[in-house]
Amino acid sequence: MTVDIGELVRLRTQRPEAIAEAAVRRARRPLLGDSGRLMIVAADHPARGALGVGDRKLAMANRADLLERLCLALRRPGVDGVLATADILDDLLLLGALDGKVVMGSMNRGGLQGASFELDDRFTGHRPEDIQRLGFDAGKLLLRIDYDDPGSLTTLESTARAVDEMAARQLPVFVEPFISHRTPEGKVANDLSAEAVTKSIAIASGLGGTSAYTWLKLPVTENPDDMAEVMQTSTLPAVLLGGEVGDDQDGAYEKWRGALQLPTVRGLVVGRSLLYPADGDVAGAVDTAVGLL
């Protein structure tokens with residue numbers, strides 16, 4: 001579909017209440033369908049200032065283009081829903097693209113990419129009450145833990161309280177944990193070794209007063225063969241994340257394929273590598289990912 005930015009702006013200026021009305025009208029569905037699997041397209045990167053895809057630094061900065069890619073992905077068979085921040089979900093509501101889809105609100109985006117305070121990742125996105133009010137289906141938060149950065153403690157505590165508040169509303173929350181560190185150049189890097197991912201799972205699983213509504217959103221380890229042992233760390237259901245766009249997308253598919261066979265892994269949440277594939281074929285990339293499930 002072609003997104004009419006002028007019409008979106010007209011609605012936002014003349015009838016801002018149309019967003020809440022669209023949320024009320026939205027046809028809902030269970031989190032998991034008959035397959036017991038989840039295929040979610042992620043688009044919450046821009047709100048953290050992360051607009052780059054590969055060597056294209058501002059690839060996600062064109063909102064009409066991003067919305068068109070999302071609408072295309074959401075129409076493909078086997079795609080269950082979308083993860084995004086309020087601005088993007090509001091646009092998708094106005095476009096009528098979220099009927100019958102799982103809608104996940106992105107909760108903490110305060111750790112801006114490249115900022116000195118990146119590890120103090122404040123909850124600047126959806127609050128639990130927003131997700132409940134809008135009739136969305138789940139929330140997602142990012143938990144990067146750097147043992148040398150005090151900002152991680154703030155994020156850790158805020159995450160625990162968010163887990164509590166989501167559980168009180170019986171809403172699933174997807175926690176994306178990493179053990180992280182800063183490179184000599186000051187860039188935050190995530191440790192994907194088996195030991196680090198194991199530790200991150202153990203820490204994330206124990207947050208809050210109950211884990212009844214907690215899911216994990218996890219990377220595939222550097223050595224995919226380690227995943228079977230790593231995933232023994234918790235009984236919480238998990239989805240795999242896509243990560244950065246690389247030159248070897250076929251290799252990424254193979255990593256996901258193996259990890260998806262593990263008993264606690266329930267699906268995929270993938271963003272840039274499906275929305276901005278190197279060959280430009282969004283439908284093909286999405287269909288390939290769906291086929292892995």
Asker: Looking at OH of Tyr213 and CG of Leu236, how far apart are the two atoms once the value is rounded to the nearest 0.5 Å?
Answerer: 14.0 Å
Asker: Are Tyr147 and Val188 connected, step by step, through hydrophobic side chains (Ile, Leu, Val, Met, Phe, Trp, Tyr) whose heavy atoms are closer than 4.5 Å?
Answerer: no
Asker: So Phe174 and Val239, do their side chains get closer than 4.5 Å, heavy atoms only?
Answerer: yes
Asker: Looking at every heavy atom in both Ser273 and Trp256, which two are closest together, and how far apart are they?
Answerer: OG-CH2, 3.9 Å
Asker: In the structure I gave you, are the side-chain heavy atoms of Arg28 and Asp137 within less than 4.5 Å of one another anywhere?
Answerer: yes
Asker: State yes or no: do Leu119 and Leu207 share one hydrophobic cluster built from I, L, V, M, F, W and Y residues joined by side-chain heavy-atom distances below 4.5 Å, directly or via other members?
Answerer: no
Asker: On a heavy-atom basis, which atom in Leu74 and which in Ala97 lie closest, and how many Å separate them?
Answerer: CD1-O, 3.8 Å
Asker: Can you pull out every side-chain hydrogen bond (donor to acceptor under 3.5 Å, both in side chains) where at least one residue sits in residues 219-229? Sequence neighbours excluded, please.
Answerer: none
Asker: To the closest 0.5 Å, what do you measure between CG (Asp90) and CZ (Arg12)?
Answerer: 5.0 Å
Asker: Which residue is it: Asp146, Asn190, Asp191? I am looking for the one with a side-chain hydrogen bond (donor to acceptor under 3.5 Å, both in side chains) to Ser180.
Answerer: Asn190
Asker: Over all heavy atoms of both residues, which pair between Met39 and Leu293 is shortest? Give the atoms and the distance, please.
Answerer: CB-CD1, 3.6 Å
Asker: Given side-chain contact (heavy atoms from CB on, under 4.5 Å), test Lys101 with Asp80 step by step and report yes or no.
Answerer: CA-CA 6 Å; Lys101 297 298 181 182; Asp80 293 292; over 6 Å; no
Asker: Supply the atom-to-atom distance Asp99 CG to Arg29 CZ, rounded to the nearest 0.5 angstrom.
Answerer: 12.5 Å
Asker: Does the pair Asp130 and Arg133 meet the rule for a side-chain contact (heavy atoms from CB on, under 4.5 Å), with working shown?
Answerer: CA-CA 5 Å; Asp130 298 322; Arg133 170 176 52 83; 2.9 Å; yes
Asker: Which pair of heavy atoms, one from Gly110 and one from Thr124, lies closest together, and at what distance?
Answerer: N-OG1, 3.2 Å
Asker: Are Leu89 and Ile5 co-members of a hydrophobic cluster defined by side-chain heavy atoms under 4.5 Å apart?
Answerer: yes
Asker: Run the side-chain contact (heavy atoms from CB on, under 4.5 Å) check on His181 and Asp148 step by step: do they pass?
Answerer: CA-CA 8 Å; His181 64 274; Asp148 295 321; over 6 Å; no
Asker: Check whether any side-chain heavy atom of Phe123 lies under 4.5 Å from a side-chain heavy atom of Arg109, and answer yes or no.
Answerer: no
Asker: Does atom CD of Glu157 have more than 12 heavy-atom neighbours, drawn from other residues, nucleotides or ligands, at distances under 6.0 Å?
Answerer: no
Asker: Begin from the C-alpha positions of Leu98 and Val82 and carry the test side-chain contact (heavy atoms from CB on, under 4.5 Å) through to its verdict.
Answerer: CA-CA 8 Å; Leu98 299 181; Val82 62; 3.6 Å; yes
Asker: Would you say the side chains of Gln113 and Arg48 form a donor-acceptor pair under 3.5 Å?
Answerer: no
Asker: Measuring only between side-chain heavy atoms, which start at C-beta, is Leu218 closer than 4.5 Å to Ile201?
Answerer: yes
Asker: So, Arg266 side chain and Leu38 main chain: donor-acceptor pair closer than 3.5 Å or not?
Answerer: no
Asker: Honestly curious: do Val9 and Val3 fall in one hydrophobic cluster under the side-chain, below-4.5 Å linking rule?
Answerer: yes
Asker: Can Glu165 and Arg127 be counted as an ion pair, charged N to O under 4.0 angstrom?
Answerer: no
Asker: Quick one: do Asp87 and Arg63 make a salt bridge, cutoff under 4.0 Å?
Answerer: yes
Asker: At what distance, to the nearest 0.5 angstrom, does CD1 of Ile88 lie from CE of Met60?
Answerer: 6.5 Å
Asker: Side chains of Phe178 and Leu192, heavy atoms from C-beta outward: is any pair under 4.5 Å?
Answerer: yes
Asker: Hey, is the main chain of Val265 close enough, under 3.5 Å, to the side chain of Arg37 for a donor-acceptor pair?
Answerer: yes
Asker: Could you tell me whether the side chain of Ile19 reaches within less than 4.5 Å of the side chain of Glu17, counting heavy atoms only?
Answerer: no
Asker: If hydrophobic clusters are built by linking Ile, Leu, Val, Met, Phe, Trp and Tyr wherever their side-chain heavy atoms come under 4.5 Å apart, do Leu66 and Val103 end up in the same one?
Answerer: yes
Asker: Does the side chain of Leu112 come within less than 4.5 Å of Phe117's, by heavy atoms?
Answerer: yes
Asker: Return yes if some donor-acceptor pair links the side-chain N/O of Ser193 with the main-chain N/O of Ala196 below 3.5 Å, else return no.
Answerer: yes
Asker: Is it the case that the side chain of Arg76 and the backbone of Asp287 share a donor-acceptor pair, with hydrogens and angles ignored and the cut-off at 3.5 Å?
Answerer: no
Asker: Answer with yes or no whether the side chains of Glu185 and Thr183 bring together a donor and an acceptor at under 3.5 Å.
Answerer: yes
Asker: Considering only heavy atoms from C-beta outward, does the side chain of His45 approach that of Leu51 to under 4.5 Å?
Answerer: no
Asker: Looking only at heavy atoms, which two atoms of Ala73 and Val286 are closest? And how far apart?
Answerer: CB-CG2, 3.9 Å
Asker: Less than 3.5 Å apart, any donor N or O on the side chain of Thr155 or Asp121 sitting next to an acceptor on the other?
Answerer: no
Asker: Could you tell me the separation between the NZ atom of Lys140 and the CE atom of Met107, rounded to the nearest 0.5 Å?
Answerer: 11.0 Å
Asker: If you look at every heavy atom in Ala43 and Ala84, which pair is closest and at what distance?
Answerer: O-CB, 4.0 Å
Asker: Would you compute the distance between atom CD1 of Ile40 and atom CG of Leu83 and round it to the nearest 0.5 angstrom?
Answerer: 8.0 Å
